[in-house]
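None of these values were measured; they are calculated from a predicted model. For ligands, and for the atoms within them, numbers begin at 1 and follow the listed sequence.
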Amino acid sequence: ALKGNTGWRPLWRNPEPKSDYDYVVVGGGGHGLATAYYLAKTFRQSRIAVLEKGWLGSGNIGRNTTIIRSNYLLPGNEPFYEFSMKLWEGLEQELNFNAMVSQRGVINLLHSDSQRDSFRRRANAVILAGADARLLSRKDLRAMVPFLNFDNARFPIRGGLLQPRGGTARHDGVAWGYARGADLHGVDLIQNCELTGFRIVDGKIRGVETSRGYIGAGKVGVAVAGSSGRVMAMAGMRLPIESHVLQAYVSEGLKPILPGVITFGAGHFYISQSDKGGLVFGGDIDGYNSYAQRGNLPVVEHAAECGMALMPMIGRARLLRMWGGLMDMSMDGSPIIDRTDIDGLFFNGGWCIGGFKATPASGYAFAHLLATGSPHETARAYRLDRFSRGYVIDETGTGAQPN
Ligand code: FAD
């Protein structure tokens, strides 16, 4: 049936690396590609390369459960994630690419009076920051998602927090859209090119060693997500980051049943339905440190148990696929977008299990930092030295949902 489907033009060029660039962005995931795009398009910089050790989008950008939202509590986070949401809302027009951004709503379930209080506080903070939030009663929820097990013995469902503008986006469509956009603005996207070292002279970056030879660079921005610890160690840095696997699952295609995203924080479970009908769900990270892009069965069992506790009818659906991605878990659950002590070397990472929703703002803010030398106004709190100064941004510690 695909016989007539010939003559497709690749979405981006496949250039040979040049001997040097003004900017080298390491990592062809969502954040690296978005950074290169905004550097070229918005900040009008040129001579930019993205180096990717595999193929574009082979990392977490193509492995996540696609949830986007901006209902954060803390002042360090909320303006940044709302900036990202605004960029999501215009992304398809910006890139002229169908990223299937779908604001179908995100519901965080609550199970106790104290959790209702904390969700109400978060909703007020979100509204004060100019974003949207609505507290849902149990009755509201029964009308919207009647198939949930409301009387679940351990965590009876008492209500929820809805962000109507939250939802999902087609994850690899986002990578492809940014890649094509960057390429159209002259960025060299270099695949199968692994960074193997930094050339640093007198405290200043001069270039990078790669599996395809040495490449000179004026500035280097590292955005390698789960590989952050390994890559920055090559520059002699030890980060407040651990790598863990996060797994996700998709069922066979079913008729539409889920209106939006539902998160069950008490049980470490979140679920949405793809446009193809698959139930896309995930749970918690695997407990041990790892650089393997595959996980272990105890977490699969835990996620399945949580799914059954929340919506028992999921037990009738057949699991189609499961996979794992490498999470760069920071010590306070919030990211880092900052310069380093090495002149010209910049770092973007620590996205934990929630960096997909940040892709547009992260790319924009990192490009801002690389091009202007100063942090973007929404990303000022994401300093690397906040851990030693004690200014952590502990969003998870406030009881907010992590994903
Ligand atoms: P990546 O796509 O991993 O990009 C990093 C790239 O760097 C990779 O392509 C890698 O190959 C490359 N690289 C590594 N080392 C080198 C090197 N030495 N040289 C060159 N290149 C190198 N977030 C949400 O907001 N919502 C969700 O619903 C959500 N669900 C998730 C579910 C799962 C199962 C997973 C795994 C993640 C989820 N996330 C979610 C998190 C989100 O996907 C990540 O935080 C985000 O994608 C990380 O940024 P990135 O896209 O740039 O990473």
**Request:** Pull out every atom of ligand 1 sitting under 4.0 Å from any heavy atom of Ser227, numbered as shown with elements.
**Result:** 14 (C), 15 (N)
**Prompt:** Is Arg383 close enough and on-axis enough to Tyr391, meaning under 6.0 Å and within 45°, for cation-pi?
**Reply:** no
**Prompt:** Is there at least one pair of N or O atoms, one from Gly54 and one from ligand 1, spaced under 3.5 Å apart?
**Reply:** no
**Asked** Below 4.0 Å from any atom of ligand 1, is there a heavy atom belonging to Gly354?
**Response** yes
**Message:** As an exercise, identify every atom of ligand 1 less than 4.0 angstrom from a heavy atom of His31.
**Reply:** 49 (O), 50 (P), 51 (O), 52 (O)
**Heavy-atom gap Ser362 to ligand 1 smaller than 4.0 Å** = no
**Prompt:** Centre of Tyr214's six-membered ring, under 6.0 Å away, within 45 degrees of the axis: is that where NZ or CZ of Arg199 sits?
**Reply:** yes
**Request:** Check whether any N or O atom of Ile67, backbone or side chain, sits under 3.5 Å from an N or O atom of ligand 1, and answer yes or no.
**Result:** yes
**Prompt:** With a 3.5 Å cut-off and no angle check, do the side chains of Arg104 and Ser102 form a donor-acceptor pair?
**Reply:** yes
**Prompt:** Which part of Thr66 is near ligand 1, with near meaning a heavy atom under 4.0 Å away: side chain, backbone, both or neither?
**Reply:** backbone
**Item:** Any Asp328 side-chain heavy atom under 4.5 Å of Pro335 side chain
**Value:** no
**Item:** Min N/O separation Trp55 to ligand 1 under 3.5 Å
**Value:** no
**Item:** Qualifying residue, where the test is side chain to side chain contact (heavy atoms under 4.5 Å, CB included) with Gln163 and the options are Asp132, Asn108, Ile107
**Value:** Asp132
**Message:** Considering both backbone and side-chain atoms of Ile353, is one of its nitrogen or oxygen atoms within less than 3.5 Å of a nitrogen or oxygen in ligand 1?
**Reply:** yes
**Prompt:** With respect to Glu252, which candidate in Arg318, Lys276, Arg316 satisfies the salt bridge (charged side-chain N to carboxylate O under 4.0 Å, His left out) definition?
**Reply:** Arg318
**Item:** ligand 1 atoms in contact with Gly325 (distance to a heavy atom under 4.0 Å)
**Value:** 36 (C)
**Item:** Subset of ligand 1 atoms that lie under 4.0 Å from at least one heavy atom of Cys193
**Value:** 20 (C)
**Request:** In plain terms, say whether Asp183 and Arg180 are close enough for a salt bridge, that is, a side-chain N and a carboxylate O under 4.0 Å apart.
**Result:** no
**Prompt:** For atom 24 (C) of ligand 1, which candidate among Phe281, Tyr291, Tyr249, Phe356 provides the closest heavy atom?
**Reply:** Phe356
**Prompt:** Purely on distance, is any nitrogen or oxygen of Trp323 under 3.5 Å from one on ligand 1?
**Reply:** no
**Message:** As a check for students: among Asp328, Asn64, Asn348, identify the option with a heavy atom nearest to atom 37 (C) of ligand 1.
**Reply:** Asn64
**Proximal candidate to atom 2 (O) of ligand 1 [heavy atom criterion; set Val231, Asp172, Ile61]** = Ile61
**Request:** Examine Glu52 against ligand 1 and note whether any of their N/O atoms are separated by less than 3.5 Å.
**Result:** yes
**Complete:** The answer for which part of Ala175 has a heavy atom under 4.0 Å from ligand 1 is neither
**Prompt:** For ligand 1, which atoms have a heavy atom of Leu51 less than 4.0 angstrom away?
**Reply:** 20 (C), 21 (N)
**Item:** Stacked cation flag Arg122 on Phe119, 6.0 angstrom / 45 deg
**Value:** yes
**Request:** Could you list which atoms of ligand 1 come closer than 4.0 Å to a heavy atom of Gly29?
**Result:** 1 (P), 2 (O), 4 (O), 6 (C), 51 (O), 52 (O)
**Request:** Please tell me if the side chains of Arg47 and Lys18 come closer than 4.5 Å, counting only heavy atoms from C-beta onward.
**Result:** no
**Message:** Check this for me: does any side-chain nitrogen of one of Asp151 and Arg138 sit under 4.0 Å from a carboxylate oxygen of the other?
**Reply:** yes
**Asked** Given the rule in the ring-ring contact (aromatic ring centres under 6.0 Å, His included) test, do Phe43 and Tyr364 qualify, once you have shown the distances and angles that lead to the verdict?
**Response** CA-CA 9 Å; Phe43 297 96; Tyr364 197 103; 5.4 Å; yes
**Message:** Evaluate Gly30 for polar contact with ligand 1, using N/O atom pairs at a separation under 3.5 Å.
**Reply:** yes
**Item:** ligand 1 N/O within reach of Tyr270 N/O, cut-off under 3.5 Å
**Value:** no
**Asked** At a non-hydrogen distance cut-off of under 4.0 Å, which region of Met327 contacts ligand 1 (side chain, backbone, both, or neither)?
**Response** side chain
**Message:** Quick check on contacts: which atoms of ligand 1 are under 4.0 angstrom from a heavy atom of Trp351?
**Reply:** 45 (O)
**Per-atom contacts, ligand 1 versus Leu195 - under 4.0 Å to a heavy atom** = 17 (C), 18 (N), 19 (N), 20 (C)
**Residue pair Ile336 / Ile241, side-chain heavy-atom distance below 4.5 Å** = yes
**Prompt:** Any Lys/Arg nitrogen of Glu92 or Arg170 sitting under 4.0 Å from an Asp/Glu carboxylate oxygen of the other?
**Reply:** no
**Prompt:** Looking only at heavy atoms, is any part of Ala223 under 4.0 Å from ligand 1, and if so is it the side chain, the backbone, or both, or is it neither?
**Reply:** backbone
**Request:** Compute both the distance and the angle, then confirm whether Arg69 meets the cation-pi test with Tyr72: under 6.0 Å from the six-membered ring centre, within 45 degrees of the axis.
**Result:** yes
**Message:** Heavy-atom distances under 4.0 Å decide this one: backbone, side chain, both or neither, for Cys352 against ligand 1?
**Reply:** backbone
**Asked** Between Ser114 and Asp117, do the side chains contain an N or O donor and an N or O acceptor separated by less than 3.5 Å?
**Response** no
**Request:** Pick one of side chain, backbone, both or neither for how Thr359 approaches ligand 1, counting any non-hydrogen atom pair under 4.0 Å.
**Result:** neither
**Prompt:** Taking the inter-plane angle between the rings of Phe269 and Phe281 on a 0 to 90° scale, is it parallel (under 30°), tilted (30 to 60°) or perpendicular (over 60°)?
**Reply:** tilted
**Prompt:** Does Asn60, backbone or side chain, put an N or O under 3.5 Å from an N or O of ligand 1?
**Reply:** yes
**Prompt:** Hey, which of Thr65, Ile61, Asn60 is the one that makes side chain to side chain contact (heavy atoms under 4.5 Å, CB included) with Phe356?
**Reply:** Ile61
**Region of Leu56 engaging ligand 1 - heavy atom pairs below 4.0 Å** = neither
**Within-cut-off N or O pair, Thr65 and ligand 1, under 3.5 Å** = yes
